[in-house]
Q: 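Starting off with a structure, shown below.
We're numbering straight along the sequence, starting at 1.
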Amino acid sequence: MLSRLSGKEHSVFTGVAIVHCTSQEDNQLETDIIDFYEETKVKFAELSEDLLWEYIDSGEPMDKAGGYGIQALGGMLVESVHGDFLNVVGFPLNHFCKKLAEMYYRPAKHTIHRVKHDSIPYVESFENLSDVEKDCSTSSKTCEAKKGVHDGVCKTRGSGSSVPCTPRLQNGLEETPPHCSQKLAKIFDLLDGFKASKTLFAASKLKVFDKLKDKGALKAMEIADKINASVHRTERLLDACVALGLLEKTHQVYRNTELANMYLVSDAPFSFHEYINYSNDHLWSHFTHLDSTIVEGRGPHETPHKKTCDGTHGPEVEERCMRVNHCTLKITARDIVTAFDLSKYSSACDLGGGTGALAHELVGTYPEIKVNVFDLPEIIKHSSLFQPENLDFRRLTFTSGNFIEDALPAADLYILSRVIHDLPDEKLNHLLRKVSDACHPGMSGLLIAEIVLDEDKKVPRGLLQALTINEEGKQRSGTEYKKLLENHGFNRIQIKITGNLLDAIFAVKR
């Protein structure tokens, strides 16, 4: 293991779950789960075999993740660390404390200041700036190390006055304040974001990752020959993929990263390939004309992919839509069905369950449950194309129907996956009333898979997704989902932010 790490950079991950419990008026215990992970990149020096054996003989590596203890003798193997050092030791203390602060002491924006120290990254500080030593007499003077600097302004103790703070180099040239560089870096990341996406889209469409999976490692000229492309342009694409962490390059030879083999190769078990191509061919055009969409108040130029699977676009387009839906649900299904303990349920009905990707995971996880996938006839007709060879049809069945218009099949657990966000209020309330009426009080459950917005609406992914859904649809926060479900007779509502494509919500009929 240590030999494999020698001379290379690797990532150290720690996952943390905080379970926050509160007692409700009805003596029910409500739990809220906040989870996160921290990643730190560690670079090992080139290590000799003698040094490795000497370290192994010390006995220190034997109970350590990765085979080394960075806080002790193992520190001599490390060339550099990018990120939280304590995360490598064993626990991301800084990230953990910030989560606690978010939970219990959420500060007002105006009280948060960014403080830069020489040896560590920016940290949040809630101290009063008047308590920091400041000595700035005029706008032309250099601010010394102990002055309070906030957004390019020095504040003088006790005066309440502010003067511009302009750090200067010894040769008299002005130096860009650190906070300006930080803000510009954020803008640069946003500006370059679409270029990174398009690089991934192009590599996926040309099946670069497939070629490398088949052959193991290839030079740029060999890959260009296989995809029938320009050698120079291919090399630039490959180098960009290396910079994005999708490929590795050694002595002009390219190979897939573990990430690419797992998610980007077209026939990988959890491949994103179909969804990536769909994003390039369809979702991209929605954002190309986003300004017009906002000004004119209409939906995207193309109908959202969930709605294109209605048989009106021809069998080829319909089948492709199903492949995209199957791909996204297959990736996130495990996290959804294990977010809560569903073992007490013996039957489930997946409303709008499409290809049955979520149902497959459900029957694989819970040996006693039987699942009925209930969807439109044209969807059920093609669902056989997506069934695994070892499928047990005694436990997984497919039924044609319209969950808005038809009676719902009987079940202990109902599932709505990627349905709620797309429905106008009238249809949504109608559907939830039907589900509520079909449930047995105190027993039947409802499992929902959707993107759940954070309460402050500051996490970009769900908000960006909301830009492309139809005018009548809506992304919701956890509080909004709780209120919606309570209005239709559900309680004991739990929400799990999975960190995957979709989050999970579970409720029981009151």
Side-chain angles (χ1 to χ4, degrees), residues 9 11 13 36-43 80-84 87 92 94-95 98 109 112-125 143 149-153 164-169 171 173-205 208 232-249 254 257 259-260 263-264 272 275-276 279-280 283-294 453-454 456-468 499:
E9 184 180 75
S11 291
F13 291 92
F36 67 89
Y37 69 88
E38 184 74 22
E39 177 184 10
T40 304
K41 293 186 179 295
V42 179
K43 173 72 183 300
S80 63
V81 177
H82 298 286
D84 186 345
N87 184 50
N94 181 266
H95 196 159
K98 287 181 179 178
K109 282 187 179 180
I112 303 177
H113 308 289
R114 303 288 279 182
V115 179
K116 179 70 168 70
H117 298 280
D118 291 338
S119 60
I120 61 175
Y122 279 107
V123 296
E124 303 289 356
S125 170
C143 286
V149 181
H150 183 54
D151 288 342
V153 174
C165 177
T166 310
R168 295 178 182 274
L169 300 177
N171 61 6
L173 295 176
E174 290 188 2
E175 180 184 22
T176 304
H179 63 86
C180 293
S181 300
Q182 290 281 329
K183 291 175 181 176
L184 284 173
K186 176 67 174 177
I187 293 174
F188 292 153
D189 287 344
L190 292 172
L191 286 172
D192 288 339
F194 83 94
K195 300 172 188 175
S197 296
K198 270 296 189 180
T199 299
L200 171 62
F201 294 166
S204 181
K205 195 162 190 173
V208 168
H232 295 301
R233 290 288 180 180
T234 300
E235 186 171 19
R236 292 180 185 179
L237 175 64
L238 297 173
D239 286 340
C241 288
V242 171
L244 293 173
L246 307 178
L247 298 178
E248 295 174 349
K249 181 181 181 182
Y254 299 88
T257 60
L259 179 78
Y263 297 113
L264 303 181
F272 268 91
Y275 186 70
I276 291 170
S279 298
N280 185 42
L283 290 183
W284 187 263
S285 64
H286 296 177
F287 285 93
T288 300
H289 304 285
L290 184 60
D291 52 344
S292 301
T293 298
I294 292 169
L453 300 179
D454 62 299
D456 295 330
K457 296 189 176 178
K458 291 183 178 178
V459 178
R461 186 172 176 274
L463 299 172
L464 295 175
Q465 190 86 354
L467 292 172
T468 63

Q: Holding to ring pair (Phe, Tyr, Trp, His ring centres under 6.0 Å), I want the full list of residues that pass it with His82, two or more places apart in sequence or in another chain.
A: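 Here no residue qualifies.
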Q: Rounded at 0.5 Å granularity, tell me how far NE2 in His286 sits from OG1 in Thr293.
A: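 The distance works out to 8.5 Å.
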Q: Sequence neighbours excluded, which residues qualify as salt bridge (charged side-chain N to carboxylate O under 4.0 Å, His left out) partners of Lys198?
A: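 Scan of Lys198 (salt bridge (charged side-chain N to carboxylate O under 4.0 Å, His left out), adjacent residues dropped) gives none.
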Q: Would you say that Thr199 contacts Cys241 through its side chain, given a criterion of any heavy-atom pair below 4.5 Å between the two side chains?
A: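 They are in contact (side-chain heavy atoms under 4.5 Å apart), so the answer is yes.
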Q: Using side-chain hydrogen bond (donor to acceptor under 3.5 Å, both in side chains) as the criterion, list what pairs up with Thr40, not counting sequence neighbours.
A: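 With neighbours one apart ignored, the set is Asn87.
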Q: Within this structure, what is the CD-CG distance for the pair Glu38 and Asn94, rounded to the nearest 0.5 Å?
A: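 Between atom CD of Glu38 and atom CG of Asn94 there are 7.5 Å.
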Q: Return the set of residues passing ring pair (Phe, Tyr, Trp, His ring centres under 6.0 Å) with Phe13 (not counting sequence neighbours), or none when no residue passes.
A: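 Once residues adjacent in sequence are excluded, the partners of Phe13 under the ring pair (Phe, Tyr, Trp, His ring centres under 6.0 Å) criterion are Tyr37.
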Q: Going by side chain to side chain contact (heavy atoms under 4.5 Å, CB included), name the residues that satisfy it together with Thr234, two or more places apart in sequence or in a different chain.
A: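 Thr234 satisfies side chain to side chain contact (heavy atoms under 4.5 Å, CB included) with Ile223, Ala224, Ile227, Ala229, Leu238 only.
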Q: For Leu191, what residues pass the side chain to side chain contact (heavy atoms under 4.5 Å, CB included) criterion, not counting sequence neighbours?
A: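 In terms of side chain to side chain contact (heavy atoms under 4.5 Å, CB included), with neighbours along the sequence ignored, Leu191 is linked to Ile187, Phe188.
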Q: Check this for me: Arg461, atom CZ, are more than 12 non-hydrogen atoms of other residues, nucleotides or ligands nearer than 6.0 Å?
A: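 Atom CZ in Arg461 is packed in, count exceeds 12.
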Q: Any chance you could measure Leu259, atom CG, to Leu244, atom CG, to the nearest 0.5 Å?
A: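 CG of Leu244 is found 11.0 Å from CG of Leu259.
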Q: Looking at Lys457 and Leu463, what are the two nearest heavy atoms and their distance?
A: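 Smallest heavy-atom distance, with atoms named: O-CD1, 3.4 Å.
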Q: Would you give the length of the straight line joining atom CG of Leu453 to atom NZ of Lys458, rounded to the nearest 0.5 angstrom?
A: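 If we round to the nearest 0.5 Å, Leu453:CG and Lys458:NZ are 14.0 Å apart.
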Q: Any pair with a residue in residues 234-245 that passes salt bridge (Lys or Arg N to Asp or Glu O under 4.0 Å), sequence neighbours left out, goes on the list, sorted by first then second residue, please.
A: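 Passing the test, one end in residues 234-245: Asp239-Lys249.
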Q: Got a sec, which residues hit side-chain hydrogen bond (donor to acceptor under 3.5 Å, both in side chains) with Lys41, two or more places apart in sequence or on another chain?
A: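 Ser11, Glu39.
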Q: Quick one: CG on Leu264 to CG on Leu200, what's the gap to the nearest 0.5 Å?
A: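 Between Leu264 CG and Leu200 CG, I get 6.0 Å after rounding to 0.5 Å.
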Q: Can you list the residues that meet the side-chain hydrogen bond (donor to acceptor under 3.5 Å, both in side chains) rule with Asp192, with sequence neighbours excluded?
A: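 With neighbours one apart ignored, the set is Lys195.
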Q: Among all residues two or more places apart in sequence or in another chain, which pass the side chain to side chain contact (heavy atoms under 4.5 Å, CB included) test with Phe272?
A: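 Phe272: side chain to side chain contact (heavy atoms under 4.5 Å, CB included) contacts with Tyr263, Tyr275, Ile276, Ile331, Leu501.
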Q: Is any side-chain heavy atom of Phe36 less than 4.5 Å from a side-chain heavy atom of Pro92?
A: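 Sidechains of Pro92 and Phe36: in contact.
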Q: Would you say Thr257's side chain and Leu246's backbone share a donor-acceptor pair under 3.5 angstrom?
A: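 Indeed, once roles are kept as given, a pair shorter than 3.5 Å links the two residues.
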Q: Mind checking side chain to side chain contact (heavy atoms under 4.5 Å, CB included) for Phe194 and listing every partner two or more places apart, or none if nothing turns up?
A: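 Residues passing side chain to side chain contact (heavy atoms under 4.5 Å, CB included) with Phe194: Trp284.
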